[in-house]
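Notes follow the structure.
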Amino acid sequence: MTSTLGAYATNAYWFGSASRQTAERLLHKTKVGTFLVRRSSKPGKLVISLQQSAKVLHLLVERRGAGFGLQPSAWEKHQLGKESFETLDLLVRRMRQMRLLGKGLTPTDVQQQQQQQQQQQQGEAAHRHPPHHHGKKKASLTSSGAAAKQHSNEKNSNNTSS
């Protein structure tokens with residue numbers, strides 16, 4: 001299977017060697033059914049990490065002859081646990097047809113989430129700590145002071161000339 005792992009990189013939902021914890025962090029606060037596929041820590045196996053209502057499920061995918069299937073122990077009472085699929089993509093398609101999977105999370109989705117979080121954090125930081133305009137106030141005080149001084153000089157000059 002190691003020789004064919006490169007083939008998965010073409011799947012938008014492939015996250016390579018992302019850890020279980022990384023998958024959980026990435027899927028946190030996504031819609032139910034959102035998933036990604038990654039390498040398992042068990043040699044020669046893959047995992048479909050799937051967001052459920054309260055937690056992320058990690059479904060072990062194993063090789064079955066020339067194909068793929070879900071680990072039978074978790075799916076022994078379900079027809080899907082008995083099926084083999086020629087490719088990982090066909091397994092994912094079947095799970096989508098059965099409405100077990102929704103949208104595949106992509107690296108682009110993750111980048112967009114991170115950008116949105118950064119923008120949100122910057123907005124919150126700006127709201128908590130509004131910028132101080134010491135320089136502008138100083139400048140306006142200075143210009144007001146200069147205007148007052150000029151007015152005073154003009155007044156004194158008018159008093160002397162009369």
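Treat the numbers as computed from the prediction; the structure is a model and nothing was measured. Residues take their numbers from the sequence shown, with the count starting at 1.
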Enter the distance from Thr34:OG1 to Lys29:NZ here, rounded to the nearest 0.5 Å. 14.5 Å
As a quick check of understanding, evaluate side chain to side chain contact (heavy atoms under 4.5 Å, CB included) for Leu27 and Ser49, giving each step before the final call. CA-CA 8 Å; Leu27 291 167; Ser49 295; 3.8 Å; yes
List, one per line, each side-chain donor-acceptor pair under 3.5 Å for residues 92-102, sequence neighbours excluded.
from  : atom 1 : to     : atom 2 : distance (Å)
Arg93 : NE     : Asp89  : OD2    : 3.2
Arg93 : NH2    : Asp89  : OD2    : 2.9
Arg96 : NE     : Gly102 : O      : 3.1

If we only count heavy atoms from C-beta on, is the His58 to Leu50 side-chain gap below 4.5 Å? no
Should we count CD of Gln52 as having more than 12 external heavy atoms under 6.0 Å? yes
Linked, directly or transitively: Leu59 and Leu46 (ILVMFWY side chains, under 4.5 Å): yes
For the atom pair OG (Ser19) and CZ (Arg39), what is the distance rounded to the nearest 0.5 Å? 13.0 Å
Side chain to side chain donor-acceptor pair (under 3.5 Å) partners of residues 110-122, not counting sequence neighbours, each pair once: none
Give, for atom CG of Leu90 and atom CZ of Phe85, the distance between the pair rounded to the nearest 0.5 Å. 8.0 Å
According to a hydrophobic-cluster definition based on side-chain heavy atoms being under 4.5 Å apart (Ile, Leu, Val, Met, Phe, Trp, Tyr only), do Val47 and Leu105 belong together? no
Hey, mind stepping through Phe15 and Leu26 against side chain to side chain contact (heavy atoms under 4.5 Å, CB included) and telling me if it holds? CA-CA 10 Å; Phe15 277 77; Leu26 293 173; 3.8 Å; yes
Audit row: Leu60, Leu70, side chain to side chain contact (heavy atoms under 4.5 Å, CB included) steps and yes/no: CA-CA 6 Å; Leu60 199 59; Leu70 294 176; over 6 Å; no
For the hydrophobic clusters of this structure (ILVMFWY residues joined by side-chain heavy atoms under 4.5 Å, transitively), does one cluster hold both Ile48 and Tyr13? yes
For Ser41 and Arg20, does a side-chain donor sit closer than 3.5 Å to a side-chain acceptor? no
Kindly compute the distance separating CZ (Arg38) from CH2 (Trp14), expressed to the nearest 0.5 Å. 9.5 Å
Is a side-chain donor-acceptor pair under 3.5 Å present for His28 with Gln51? no
Which value, rounded to the nearest 0.5 Å, describes the distance between Phe68 atom CZ and Glu62 atom CD? 11.0 Å
